[in-house]
Amino acid sequence: MIVSVFAAASLYPAFLGLIIEDGETGERLAFMDVKPEEEFSIKYIHSIHRTPVLETYHTNEEGMIIQTEMRFEEFGVGMPSGATGTEVFTQKDGTYILSNMNRTFPLLDIRTGQIIANHTLLYDGHEYPFSSFSEKGSWVRIKTEKVNVWQWLIGGKKLG
């Protein structure tokens, strides 16, 4: 009976995971435990401007991904040109900062760079290059999902 209770409890989705999966196959590549409101960032080199970009996010109680800030050095393709709504646009030491963002996404689809982008996930003081769990030039999907103990144990490369 104790084994049955433990087995049943281990199947209950108890952890909120930030899941990184192959965008084409849905195969789980990597994941990390996250708590609502905990920040993570994605940094990369813009393919056209060849300057660094840093996007900051957190998750909410419903598992949505909220973009809160973006930092970049050059205007142009794919870069915002100003603030909207309650966002704040500033410049400091040659970096443009779009803050007070509240852009909500159910997931993030990212095409990783083949040559210069070097997409990297930043979380809890650690850096995880996307190339450590996916092929360069591949499509990865980042989403949140409740996972159980078994999914947590076997669900791809554990980050964090």
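Atoms considered below: every heavy atom in the structure, side chains included; atoms not considered: hydrogens, waters and symmetry mates.
- Separation of atoms CD (E127) and OG (S41) is listed at 10.0 Å; rounding is to 0.5 Å.
- Without hydrogens or angle criteria, T120 side chain to N118 main chain gives a donor-acceptor distance under 3.5 Å.
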Decide side-chain contact (heavy atoms from CB on, under 4.5 Å) for F105 and M64; before the verdict, give the C-alpha distance in whole Å, the side-chain angles of both, and the deciding distance to 0.1 Å.
CA-CA 6 Å; F105 305 94; M64 299 297 280; 6.0 Å; no
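- Ring pair Y128/Y123: centre-to-centre distance not below 6.0 Å.
- Ion pairing between E37 and K35 fails under the 4.0 Å rule for side-chain N and carboxylate O.
- A salt bridge is defined here as a Lys NZ or Arg NE, NH1 or NH2 lying under 4.0 Å from an Asp or Glu carboxylate O, and E145 with R28 meets this definition.
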Run I42 and I142 through side-chain contact (heavy atoms from CB on, under 4.5 Å) and show every step you take.
CA-CA 11 Å; I42 298 171; I142 300 174; 3.8 Å; yes
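- Residues G26 and E21 share a closest heavy-atom pair of O-OE1, 3.5 Å.
- Counting heavy atoms of neighbouring residues, nucleotides and ligands inside a 6.0 Å radius, atom CD of E61 does not exceed 12 of them.
- Ring-plane geometry between F40 and Y57 is classed as parallel, the angle between the planes falling under 30 degrees on a 0 to 90 degree scale with a further cut at 60.
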For the pair S134 and T112, evaluate side-chain contact (heavy atoms from CB on, under 4.5 Å) and give the outcome as yes or no after the intermediate values.
CA-CA 9 Å; S134 67; T112 63; 4.3 Å; yes
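- E87 and A83 make their closest contact through O-CB, 3.4 Å (heavy atoms, listed as atom of the first residue, atom of the second, distance).
- A donor-acceptor contact shorter than 3.5 Å links the side chain of T144 to the backbone of G63.
- Comment: R50 does not engage E74 in a salt bridge, judged by the lack of any side-chain N to carboxylate O separation of less than 4.0 angstrom.
- Between H119 and Y44, the two ring planes are parallel [angle under 30°; tilted spans 30° to 60°].
- A side-chain donor-acceptor contact under 3.5 Å links R111 to the backbone of G137.
- Contact detail for F130 and L121: the closest heavy-atom pair is CE1-N, 3.6 Å.
- Relative orientation of the F72 and F89 rings is tilted, given thresholds of 30° and 60° on the angle between their planes.
- Taking NZ of K143 as the reference point, atom CG of L108 lies at 12.0 Å (rounded to 0.5 Å).
- Hydrophobic clustering (side-chain heavy atoms under 4.5 Å, transitive across Ile, Leu, Val, Met, Phe, Trp, Tyr) keeps I19 apart from L107.
- Taking 4.5 Å as the limit, every side-chain heavy atom of V88 sits out of range of all side-chain heavy atoms of I97.
- The two atoms that bring E69 and S99 nearest to each other are OE1-CB, 3.8 Å, heavy atoms only.
- The backbone N or O of I65 sits nowhere less than 3.5 Å from a side-chain atom of T59 that would complete a donor-acceptor pair.
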